[in-house]
Number of protein chains: 2
Amino acid sequence: MTVSKTAADAVRSPRAQRREPVDPAGDDSMLQLGELSGLLGYSLKRAQLKVFEDFLRCVAPLQLTPAQFSVLLLLDKNPGRNQTEIANTLGILRPNFVAMLDALESRDLCARMRSTNDRRSHILVLTDRGRAVLARAKKLVANKHEARLIEVLGPANHAALLEMLAKLAQEF
Amino acid sequence: MTVSKTAADAVRSPRAQRREPVDPAGDDSMLQLGELSGLLGYSLKRAQLKVFEDFLRCVAPLQLTPAQFSVLLLLDKNPGRNQTEIANTLGILRPNFVAMLDALESRDLCARMRSTNDRRSHILVLTDRGRAVLARAKKLVANKHEARLIEVLGPANHAALLEMLAKLAQEF
DNA sequence: CGGTATTTGATATAGTTCATAACGATTATT
DNA sequence: AATAATCGTTATGAACTATATCAAATACCG
């Protein structure tokens, strides 16, 4: 638990390396997936895990999880909002958002400021450091993560995929 | 915690209803998602949660989670396999697969049989009841769940989506 | 105005999922 | 025969998700 043999270890920051399904010609002599491969939910989950894995790898130097990145992005795009608004937009429950913010704030990436007109709420703001980290993260995500996705899928497919996923997230 | 007002409650069997992001013209006056909507990982996760939600709804009468359904499917397609092989194929760690099997076995959907040639392994078999439940589940999934997906996306898009997700799960 | 209800951030808590280490029993290796 | 590897299992911990509840502050309403 203390050794860190390879540089790849640094990649699995919060969650350790995910279990790989099947096996690349290894030990199970390839079972039949059957209608499993036609199940959209199954493929969605598998793909999502892989994509998150790659995200963590690409953005590892900044030690940001997808969730943390999304918070920083949202704070940057929507200044002057409180915890409830940000959490709701991301589908995070307010109680769970507290610890998330604690972590970001302890790293001086954002700060809570008491609102002057409503002293219950905390207005969330990115710190200078938060803005700098976000800028670097955006570049890593665009140039390494999304670039690889576009390379694998092709630009047109990538766009089509995004559109379909958005439709699913909306109309479903 | 004891009342169950609506029939929809039965839907959220294992996990309670997931938090909805943003809000349908409700209280947060629509924050800007910004580049978040262009993040494939974000859209993937959102879509996956929705699809799983719908899966649970559709297959609620049989009380099967997506993971349980995938196990039954795999057992049916690959008879004579042991726990390690099934778990590996699904990307489930062996220790975590034990409780899953306990649950399925306690409902008489499958059974562990000691292998004759290797008395360490448990050969997994579907019971008659397991086969019957699987057959009913398949119909529900096809006629309600996947049917709705195809309706929302269109058949061609649905197929294209599956193909892209499979490619991501593989080459990533 | 004053009392009640609601909202906000927070705490405590519990359930689910995912991961690692280690063990006994069995089998493979040498 | 001795050692190593494998199988199912247990124990355990971390991360994520969900609910109930609280104090402080605000909104509502008679």
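In what follows, chains carry the letters A, B, and so on, assigned in the order in which the sequence lines appear, proteins first and then strands, with residues in each chain numbered from 1. Quantities reported herein were computed from a predicted structural model and do not represent experimental measurements.
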Subject >> Most 5' of S115(A) and A67(A) on DNA chain D, judged by nearest nucleotide >> reply: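 Nearest-nucleotide comparison on DNA chain D picks A67(A).
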Original post:
Do R120(A) and dT8(C) have a side chain to base donor-acceptor pair shorter than 3.5 Å?
Top reply: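 Not at all, since no donor on one side and acceptor on the other fall under 3.5 Å apart.
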Whole-Å distance separating the [atom1] atom of [X] from the [atom2] atom of [N]:
| X | N | atom1 | atom2 | value |
| --- | --- | --- | --- | --- |
| I123(B) | dC7(D) | CD1 | P | 11 Å |
| M100(A) | dT17(D) | CE | C1' | 13 Å |
| L90(A) | dA18(D) | CG | P | 14 Å |
| N117(A) | dT8(C) | CG | P | 13 Å |
| I86(A) | dA10(C) | CD1 | P | 14 Å |
| D118(A) | dG9(C) | CG | P | 8 Å |
| N82(B) | dT27(C) | CG | P | 13 Å |
| I92(B) | dT20(C) | CD1 | C1' | 17 Å |

Polar pairs (N or O, both sides) under 3.5 Å between protein and nucleotides 9-11 of chain D?
from	atom 1	to	atom 2	distance (Å)
dT9(D)	OP1	R112(B)	NH1	3.2
dT9(D)	OP2	Q83(B)	OE1	3.0
dT9(D)	OP2	Q83(B)	NE2	2.9
dT9(D)	OP2	R112(B)	NH1	2.5

**OP:** Would you confirm whether Q48(A), through its side chain, and G41(B), through its main-chain N or O, come within 3.5 Å as a donor-acceptor pair?
**Re:**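 Not a single qualifying donor-acceptor pair exists.
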**OP:** Taking S121(A) for its side chain and S115(A) for its backbone only, find out whether a donor-acceptor pair lies under 3.5 Å.
**Re:**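 It does not hold such a pair.
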Original post:
Which of the following nucleotides, dT20(C), dT26(D), dT19(D), is nearest to the side chain of L93(A)?
Top reply: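 Shortest atom-to-atom distance from the side chain points to dT19(D).
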**OP:** Determine which pairs satisfy salt bridge (Lys or Arg N to Asp or Glu O under 4.0 Å) with at least one residue from residues 119-129 of chain B, sequence neighbours left out, and list them in order.
**Re:**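 Sorted pair list: D118(B)-R120(B), D128(B)-R131(B).
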Subject >> Closest non-hydrogen atom pair, G80(A) against I123(A) >> reply: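 So the two residues come closest at O-CD1, 3.4 Å.
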**OP:** Please examine the side chains of Q63(A) and R107(A), heavy atoms only from C-beta on, and report whether any two atoms are closer than 4.5 Å.
**Re:**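 Result yes, sub-4.5 Å side-chain heavy-atom pair found.
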Original post:
Side chains of L56(A) and P66(A): closer than 4.5 Å at any heavy-atom pair?
Top reply: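 Yes. Closest side-chain heavy atoms under 4.5 Å.
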Original post:
Within the pair S121(A) and dA25(D), is there a side-chain N or O less than 4.0 Å away from OP1 or OP2?
Top reply: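 Result: no.
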Original post:
Has K45(A) got a side-chain N or O lying under 4.0 Å from the OP1 or OP2 atom of dC18(C)?
Top reply: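 Yes, such a contact exists.
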Original post:
How about Y42(B) and F69(A): are their ring centres within less than 6.0 Å of each other?
Top reply: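 Between F69(A) and Y42(B), which both carry aromatic rings, the centre distance is not below 6.0 Å.
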